[in-house]
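Notes follow the structure.
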Amino acid sequence: MATNRTFTMLKPDAIENGHMGKIIDMIIEAGFHIKAMKYTQLTEGQAKEFYAVHAERPFYSELVAYMTSGPIVAAILEKENAVADFRSLIGSTDPAEAAEGTIRKAFAESKGRNAVHGSDSDENAQLEGAFHFSEAEIF
Ligand code: CMP
């Protein structure tokens, strides 16, 4: 069932490079409502669990090291057609392939250090949101 919600993280490179405010602005300007948000840093255990689906990939240890290297902003966003619309807003995983006007085109450094995460399905949006937020933290 479509929830009209998606989950995002502004990744360590985006924070480190000073793009937090601009990215949040682009998200709000695109019509997403912030239902929950926190500034936090993932532990190694959390990053491994969050990216468990990629555990067999060659970039897994690099991904875990990168995602724990500094603070992130985690958020639950709401909008009609949230998952698909947010993936359009962020653009392709590889910034070299991301469309003009997308967040990754503007701010991502590389396929690995790609500034933002966006859930790839309603089911994952629900799981990922619940991974980071309790019901009392969602408004
Ligand atoms: P995201 O799609 O948010 O979630 C999986 C992440 O794995 C992806 O963003 C990138 O940060 C990372 N990733 C995907 N492909 C590669 C790759 N080829 N090399 C390094 N990191 C990658």
Side-chain angles (χ1 to χ4, degrees):
M1 189 188 75
T3 58
N4 289 332
R5 287 185 184 181
T6 192
F7 172 78
T8 187
M9 288 184 289
L10 276 49
K11 299 183 180 184
D13 63 300
I15 307 303
E16 198 178 305
N17 294 330
H19 299 142
M20 185 193 332
K22 288 188 211 108
I23 294 174
I24 293 173
D25 231 26
M26 283 175 80
I27 292 170
I28 293 170
E29 283 291 310
F32 292 87
H33 298 281
I34 295 172
K35 303 296 288 180
M37 180 169 271
K38 70 172 68 155
Y39 189 41
T40 186
Q41 184 160 358
L42 296 178
T43 64
E44 188 180 337
Q46 284 175 315
K48 282 184 167 165
E49 191 183 337
F50 188 88
Y51 287 110
V53 66
H54 296 302
E56 303 307 319
R57 294 293 209 34
F59 57 81
Y60 182 62
S61 54
E62 183 190 327
L63 176 61
V64 169
Y66 154 61
M67 287 302 298
T68 56
S69 67
I72 61 155
V73 173
I76 295 174
L77 306 173
E78 192 169 75
K79 181 185 182 296
E80 201 177 310
N81 203 31
V83 167
D85 283 5
F86 193 68
R87 286 176 77 82
S88 298
L89 176 66
I90 65 179
S92 303
T93 304
D94 186 345
E97 291 166 14
E100 223 33 81
T102 61
I103 292 174
R104 283 174 172 157
K105 178 72 178 179
F107 302 117
E109 291 180 6
S110 64
K111 197 170 183 176
R113 295 170 62 86
N114 63 0
V116 275
H117 168 80
S119 304
D120 63 4
S121 65
D122 287 314
E123 188 191 2
N124 283 337
Q126 162 61 31
L127 290 171
E128 292 169 2
F131 184 92
H132 285 271
F133 297 99
S134 68
E135 276 304 316
E137 294 174 306
I138 302 170
F139 302 97

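Computed from heavy atoms alone, side chains included, the values below leave out hydrogens, waters and symmetry copies. Every number for a ligand or one of its atoms is a count from 1 in the order of the listing.
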### Query
Taking both backbone and side-chain atoms of Asn114, is any N or O found less than 3.5 Å from an N or O belonging to ligand 1?
yes
### Message
Regarding ligand 1, does Gly112 bring an N or O atom to under 3.5 Å of one of the ligand's N or O atoms?
### Response
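Such a contact does occur with ligand 1.
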### Task
Fit a plane to each ring of Phe7 and His132, take the angle between them on a 0 to 90° scale, and name the class: parallel (under 30°), tilted (30 to 60°) or perpendicular (over 60°).
parallel
### Task
Report yes or no: do Met26 and Ile72 belong to one cluster of Ile/Leu/Val/Met/Phe/Trp/Tyr joined by side chain heavy-atom distances under 4.5 Å?
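No, separate clusters.
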### Message
Do Met9 and Ile24 sit in one hydrophobic cluster, given that two such residues count as connected whenever their side-chain heavy atoms are within less than 4.5 Å of each other, even indirectly?
### Response
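Per the 4.5 Å side-chain linkage, Met9 and Ile24 are not co-clustered.
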### Query
Quick one: nearest non-hydrogen protein atom to atom 6 (C) of ligand 1, plus distance?
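Residue, atom and distance for the closest contact: Leu63 CD1, 3.8 Å.
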### Heavy atom of the protein closest to atom 13 (N) of ligand 1 (residue, atom name, distance)
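Its nearest protein heavy-atom neighbour is Phe59 CE1, 3.5 Å.
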No-hydrogen, no-angle side-chain donor-acceptor test under 3.5 Å, [X] and [Y]:
X: Asn4; Y: Lys79; result: no
X: Ser119; Y: Glu128; result: yes
X: Asp13; Y: Asn17; result: no

### Summary
A student comparing His54, Glu62, Lys111, Arg104 should find that the heavy atom closest to atom 2 (O) of ligand 1 comes from Arg104
### Message
On a heavy-atom basis, I'd like to know which of Lys11, Arg87, Met9 is closest to atom 9 (O) of ligand 1.
### Response
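Checking each option, the heavy atom nearest atom 9 (O) of ligand 1 is found in Lys11.
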### Atoms of ligand 1, numbered as shown, that sit under 4.0 Å from any heavy atom of Tyr51
4 (O), 5 (C)
